[in-house]
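This report refers to the structure that appears directly beneath it.
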Amino acid sequence: MTAVKELLLSRIRDVADYPEPGVMFKDITPLLADPEAFTALTDALADIAVRSGATKIVGLEARGFILGAPVAVRAGLGFIPVRKAGKLPGATLSQAYDLEYGSAEIEVHAEDLSTGDRILIVDDVLATGGTAEASIQLIRRAGAEVAGIAVLMELGFLNGRARLEPALSGAPLESMLHI
């Protein structure tokens, strides 16, 4: 394991039985509070953005905003928030998707994405892949291209990668940590 990965992993706290019994929550707030770890993560994700040829970063609500915005600044790219439905003012594009316990909807300002844009999606965790898959559909409906997805950690046992690979159509999915 590289030094950066070891640093990142050392700053993620396990919280047992949160948000419900039997769940081991991966808390990234200690990583965000550590300037060395947060900078290392930002630099690594910005490198992925540059290598992917991205022109803009999409951050998925809410922790994708925390990670994606500094990545966009570091890589010299624009940042676009993808929000839960009803949170953005003005005209939006929306995409509904199914969850294991119901459904949800995300939105983006349509004018922030255009033909010719290459979008790197940034988030903290890849779990089942539902939100990321919906964001891929949303980005493509806006006329932009998906350059890839970059996440801090991938929860492999939830099989999100298998769900996303067909939707990515060959675009890369990069995880800093596999859990």
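Nothing fancy with the numbering, it's 1 onward along the sequence.
Asn159 places no side-chain N or O within donor-acceptor distance of the main-chain N or O of Ala162, the cut-off being under 3.5 Å. Without hydrogens or angle criteria, Gln95 side chain to Ser135 main chain gives no donor-acceptor distance under 3.5 Å. Counting only distance, with no hydrogens or angles, the side chain of Lys56 and the backbone of Asp112 share a donor-acceptor pair below 3.5 Å. One N or O on the side chain of Asp17 and one on the backbone of Gly22 form a donor-acceptor pair closer than 3.5 Å. Judged purely by atom type and a 3.5 angstrom limit, Asp34 has no side-chain atom pairing as donor or acceptor with the backbone of Leu31.
For the pair Ile149/Asp123, no side-chain contact is recorded, criterion being any heavy-atom separation below 4.5 Å from C-beta on. Contact of the His109 side chain with the Pro89 side chain is registered, since non-hydrogen atoms from C-beta on lie closer than 4.5 Å. With a 4.5 Å cut-off on side-chain heavy atoms, Ile106 and Glu61 do not count as touching. Taking the side chain as every heavy atom from C-beta outward, Leu32 and Leu67 approach each other to under 4.5 Å. Residues Leu152 and Ile12 are in side-chain contact: their nearest non-hydrogen atoms beyond the backbone lie under 4.5 Å apart. Using a 4.5 Å cut-off on side-chain heavy atoms (C-beta onward), Arg140 and Val146 make contact. With a 4.5 Å cut-off on side-chain heavy atoms, Val58 and Val108 do not count as touching. You'll find the side chain of Glu174 stays beyond 4.5 Å of the side chain of Ser52, heavy atoms only.
The hydrophobic cluster containing Phe25 also includes Val15, Tyr18, under a criterion of side-chain heavy atoms closer than 4.5 Å among ILVMFWY residues, counted directly or through chains of members.
For the atom pair Ile179 CD1 and Leu158 CG, the distance stands at 11.0 Å (nearest 0.5 Å). Atom OG1 in Thr29 sits 9.5 Å away from atom CD1 in Ile66 (nearest 0.5 Å). Of the inter-residue distances, the one linking Ile121 atom CD1 with Leu60 atom CG reads 6.5 Å to the nearest 0.5 angstrom. A distance of 14.0 Å separates CD1 in Ile28 from CZ in Arg11, rounded to the nearest 0.5 Å. Taking CZ of Arg161 as the reference point, atom CG of Leu155 lies at 12.0 Å (rounded to 0.5 Å).
Taking all atoms of both residues into account, the shortest heavy-atom contact from Ser94 to Leu138 is C-CD1, 3.7 Å. For Asp98 against Ser103, the heavy-atom pair with the smallest separation is OD1-CB, 4.0 Å. Looking at every heavy atom in both residues, Ser175 comes nearest to Glu154 through OG-OE1, 2.6 Å. Residue Ala150 comes nearest to Leu120 through the heavy atom pair N-CD1, 4.0 Å, listed as atom of the first residue, atom of the second, then distance. Considering every non-hydrogen atom in both Ala91 and Glu111, the closest pair reads O-OE1, 4.0 Å. Pairing each heavy atom of Pro172 with each of Ala147, the nearest pair is CD-O, 3.2 Å.
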- Query: Between Leu45 and Met176, does a side chain to side chain contact (heavy atoms under 4.5 Å, CB included) hold up when you go through it step by step?
  - Reply: CA-CA 8 Å; Leu45 293 173; Met176 298 301 303; 4.2 Å; yes

- Evaluate the side chain to side chain contact (heavy atoms under 4.5 Å, CB included) criterion for residues Arg51 and Ile48: first the C-alpha distance (whole Å), next the side-chain angles of each, then the deciding distance (0.1 Å), finally the verdict. CA-CA 5 Å; Arg51 284 189 286 112; Ile48 292 169; 3.2 Å; yes

- Task: Take Leu164 and Leu126 through the test side chain to side chain contact (heavy atoms under 4.5 Å, CB included) and record every step on the way to the result.
- Result: CA-CA 10 Å; Leu164 288 179; Leu126 172 60; 3.5 Å; yes

- Query: Going through the distances and angles, do Thr92 and Arg83 end up as a side chain to side chain contact (heavy atoms under 4.5 Å, CB included)?
  - Reply: CA-CA 10 Å; Thr92 61; Arg83 306 265 346 241; over 6 Å; no

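Put simply, Leu41 and Leu7 are part of two different groups of oily side chains (I, L, V, M, F, W, Y) that touch within less than 4.5 Å, one to the next. Follow the hydrophobic side-chain contacts under 4.5 Å out from Val23 and you never reach Phe157; the two are in separate clusters. Using a 4.5 Å cut-off between side-chain heavy atoms of Ile, Leu, Val, Met, Phe, Trp and Tyr, with links allowed through other members, Tyr97 and Leu168 fall into the same hydrophobic cluster.
Between Arg163 and Glu133 there is a salt bridge, since a side-chain N of the basic residue sits under 4.0 Å from a carboxylate O of the acidic one. In summary, Arg118 and Glu145 engage in a salt bridge, as defined by a charged side-chain N under 4.0 Å from a carboxylate O.
Applying the ring-ring contact (aromatic ring centres under 6.0 Å, His included) test to pairs two or more places apart or on separate chains, none has a residue in residues 28-79.
When each of Leu77, Ile119, Val73 is tested with Ile57 by the rule side chain to side chain contact (heavy atoms under 4.5 Å, CB included), just one qualifies, namely Leu77.
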